[in-house]
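Order of listing sets the numbers, starting from 1, for every ligand and every atom in it. Please read all numbers here as calculations on a predicted model, not as lab measurements.
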Amino acid sequence: MLILGIETSCDETAAAVVEVSHEHGIKIKSNIIASQHEIHNKYGGVVPELACRRHIENINPVITEAIDKAGVKLNDIELFAVTKCPGLVVALLVGLSTAKAIAYALKKPLIGVNHLEGHILSIFLEKPDLSFPFFSLLVSGGHTELYLIEDFGKYKALGRSRDDAAGEAFDKASKMLKLGYPGGPAIEKTAISGNPLSINFPRAYIDKDSLDFSFSGVKTALKNYLDGFIPPYSTSSIFLPDVAASFQQAVVDVLINKAFLAAKMYNVKTIVIAGGVASNKLLREGMKKRGTAEGVSVYHPSPILCTDNAAMIACAGYHRFIKERDACCNFYDMDAEAQMSL
Ligand code: KG4
Ligand code: ZN
């Protein structure tokens with residue numbers, strides 16, 4: 001089965017073709033991503049109106065490139081999968097309307113996908129034999145959540161951020177430090193030559209059995225730290241690598257400790273990290289190291305499959321399609337939604 005995935009929930013216009021077969025499972029044939037980072041960089045975050053306009057310009061060329069690169073024809077596609085939630089509604093609508101139009105014209109089924117499910121299942125694109133149950137630490141720009149994954153479509157939310165998501169904390173910290181957008185990679189790069197022990201930023205654990213997260217405190221601590229310098233403070237008056245490394249360490253420590261607390265509480269021996277922040281090297285290596293010490297297997301997708309992409313949407317779409325085949329032919333009422341839990 002050939003599936004075309006479409007993703008426009010935030011600031012990446014993406015399309016991908018995957019092929020599902022008995023012999024090879026789900027195989028990526030093309031994975032095209034048009035990023036808008038340079039547009040949003042000067043604002044320090046995504047501007048929805050600008051994102052929407054750029055999606056409109058990008059969507060058809062990106063789909064065409066995905067089809068061409070996969071060496072197939074649009075008419076060969078047997079299932080269309082599109083992100084319908086959660087995300088910026090004006091951005092989601094571009095992908096959703098395009099997918100509806102193509103599926104309608106070609107009389108093919110279309111499935112709406114929850115972006116979070118896409119991130120969680122992205123691991124199956126590279127590790128198809130992964131067995132259930134496992135914990136998913138989903139860390140992106142909009143979400144920081146812990147799910148117990150019991151099967152395809154069977155997810156239990158056990159913890160979430162009560163305020164900022166981890167990626168959002170990185171983005172806001174990067175803005176304060178004038179390092180640009182997206183903040184995670186900028187902070188990671190700056191932190192390389194810094195000492196993570198130089199500033200003791202707070203780690204919020206809420207209470208000892210809680211699987212919830214909170215990152216607004218560490219963000220405020222960074223602001224207070226910067227305000228401690230003579231105003232108007234300038235980034236030249238501080239040693240940026242030390243600040244970036246200490247901030248990154250504080251966020252990563254909490255993520256690792258909570259993920260392993262969850263695994264211990266539920267006696268689960270596998271943790272998968274997913275979402276944009278899962279491409280962070282300190283987090284990946286810290287999780288692996290702790291996993292080795294505690295007898296827990298830790299997996300993460302390649303960086304290109306951690307940040308927003310359409311291959312993960314096609315993958316999640318396929319697994320939904322298996323369960324909800326009939327609903328996919330009657331997609332006309334499907335709408336974009338800003339908030340939607342799994
Ligand atoms: O999953 P994603 O591409 O989009 C959302 O669904 O939000 O995640 C984007 C987030 C941004 O906040 C970005 O700063 C963060 O992931 N991110 C990182 C890294 N790469 C992206 N955070 C830390 N380290 C990274 N290397
Ligand atoms: Zn995402």
Side-chain angles (χ1 to χ4, degrees), residues 5-14 16 31 33-37 40-41 43-46 48 51 82-88 91-92 95 113-123 136-145 160-161 164-177 179-192 196 213 215 218-219 244-245 247-256 272-287 300-313 315-316 338-342:
I6 298 176
E7 153 66 38
T8 63
S9 68
C10 192
D11 58 344
E12 263 97 19
T13 319
N31 189 19
I33 303 166
S35 167
Q36 306 178 2
H37 292 166
H40 305 287
N41 189 19
Y43 304 101
V46 179
V82 63
T83 309
K84 74 174 175 93
C85 65
L88 303 169
L92 287 164
V113 173
N114 184 311
H115 183 84
L116 307 182
E117 188 172 23
H119 276 305
I120 288 171
L121 299 187
S122 60
I123 190 69
S136 176
L137 172 65
L138 171 58
V139 267
S140 67
H143 297 83
T144 297
E145 304 190 350
R160 62 181 58 231
S161 179
D164 291 4
E168 190 180 355
F170 277 121
D171 293 338
K172 288 176 177 168
S174 179
K175 193 173 178 180
M176 284 187 238
L177 297 171
L179 294 174
Y181 174 84
I187 292 206
E188 178 169 32
K189 197 165 157 222
T190 309
I192 289 171
F213 301 87
F215 293 107
V218 65
K219 191 187 66 186
F247 184 87
Q248 176 179 243
Q249 190 70 57
V251 173
V252 164
D253 280 355
V254 175
L255 293 174
I256 295 176
V272 177
I273 344 169
V277 183
S279 48
N280 183 280
K281 231 171 144 203
L282 189 75
L283 176 63
R284 292 158 90 98
E285 286 173 1
M287 289 286 298
H300 48 69
S302 302
I304 194 72
L305 296 174
C306 287
T307 43
D308 288 350
N309 66 88
M312 68 181 194
I313 302 303
C315 174
Q339 305 285 342
M340 180 60 75
S341 50
L342 272 180

Pair Leu255-Val139, side chain to side chain contact (heavy atoms under 4.5 Å, CB included): steps then yes or no: CA-CA 9 Å; Leu255 293 174; Val139 267; 3.6 Å; yes
Do [X] and ligand 1 have an N or O pair less than 3.5 Å apart?
X: Gly276; value: yes
X: Pro182; value: no
X: Glu188; value: yes
X: Asp308; value: yes
X: Gly167; value: yes

Atom indices of ligand 1, in the order listed, that fall short of 4.0 Å to a heavy atom of [X]:
X: Thr307; value: 3 (O)
X: Phe170; value: 22 (N), 23 (C)
X: Gly142; value: 7 (O)

Side chain to side chain, [X] and [Y], heavy atoms closer than 4.5 Å:
X: Asp164; Y: Lys172; result: yes
X: Thr13; Y: Ile33; result: no
X: Asn31; Y: Leu305; result: yes
X: Ile313; Y: Val82; result: no

[X] touching ligand 1 at heavy-atom level, < 4.0 angstrom:
X: His115; answer: yes
X: Cys10; answer: no
X: Lys281; answer: no

Around [atom], find the nearest protein heavy atom and jot down its residue, atom name and distance.
atom: atom 23 (C) of ligand 1; value: Gly184 CA, 3.4 Å
atom: atom 15 (C) of ligand 1; value: Val277 CG2, 3.9 Å
atom: atom 24 (N) of ligand 1; value: Asn280 ND2, 3.0 Å
atom: atom 10 (C) of ligand 1; value: Gly141 N, 3.4 Å

Heavy-atom closest pair, residues Gly118 and Met312: O-CB, 3.3 Å
Under a plain distance cut-off of 3.5 Å, with no hydrogens placed, do Glu7 and Ser9 share a side-chain donor-acceptor pair? yes
Side chain, backbone, both or neither: the part of Asp171 lying under 4.0 Å from ligand 1 by heavy atom: side chain
Which is it for His119 and ligand 1 at heavy atoms under 4.0 Å: side chain, backbone, both or neither? side chain
Cys85 and side-chain contact (heavy atoms from CB on, under 4.5 Å): which single residue from Asn114, Leu116, Val113 fits? Asn114
Classify the ring geometry of Phe215 against Phe213: parallel below 30°, tilted from 30° to 60°, perpendicular beyond 60°. parallel
Check step by step if side chain to side chain contact (heavy atoms under 4.5 Å, CB included) holds for His300 and Met287. CA-CA 10 Å; His300 48 69; Met287 289 286 298; over 6 Å; no
To the nearest 10 degrees, calculate the angle at the Zn ion (ligand 2) involving NE2 of His115 and NE2 of His119. 90°
Verdict with supporting geometry, Gln249 and Leu282, side chain to side chain contact (heavy atoms under 4.5 Å, CB included): CA-CA 8 Å; Gln249 190 70 57; Leu282 189 75; 3.7 Å; yes
Do Leu283 and Gln248 pass the side chain to side chain contact (heavy atoms under 4.5 Å, CB included) test, and can you show the C-alpha distance, the side-chain angles, and the key distance before you say yes or no? CA-CA 9 Å; Leu283 176 63; Gln248 176 179 243; over 6 Å; no
Looking only at N, O or S atoms in Asp308, which is nearest to the Zn ion (ligand 2)? OD1
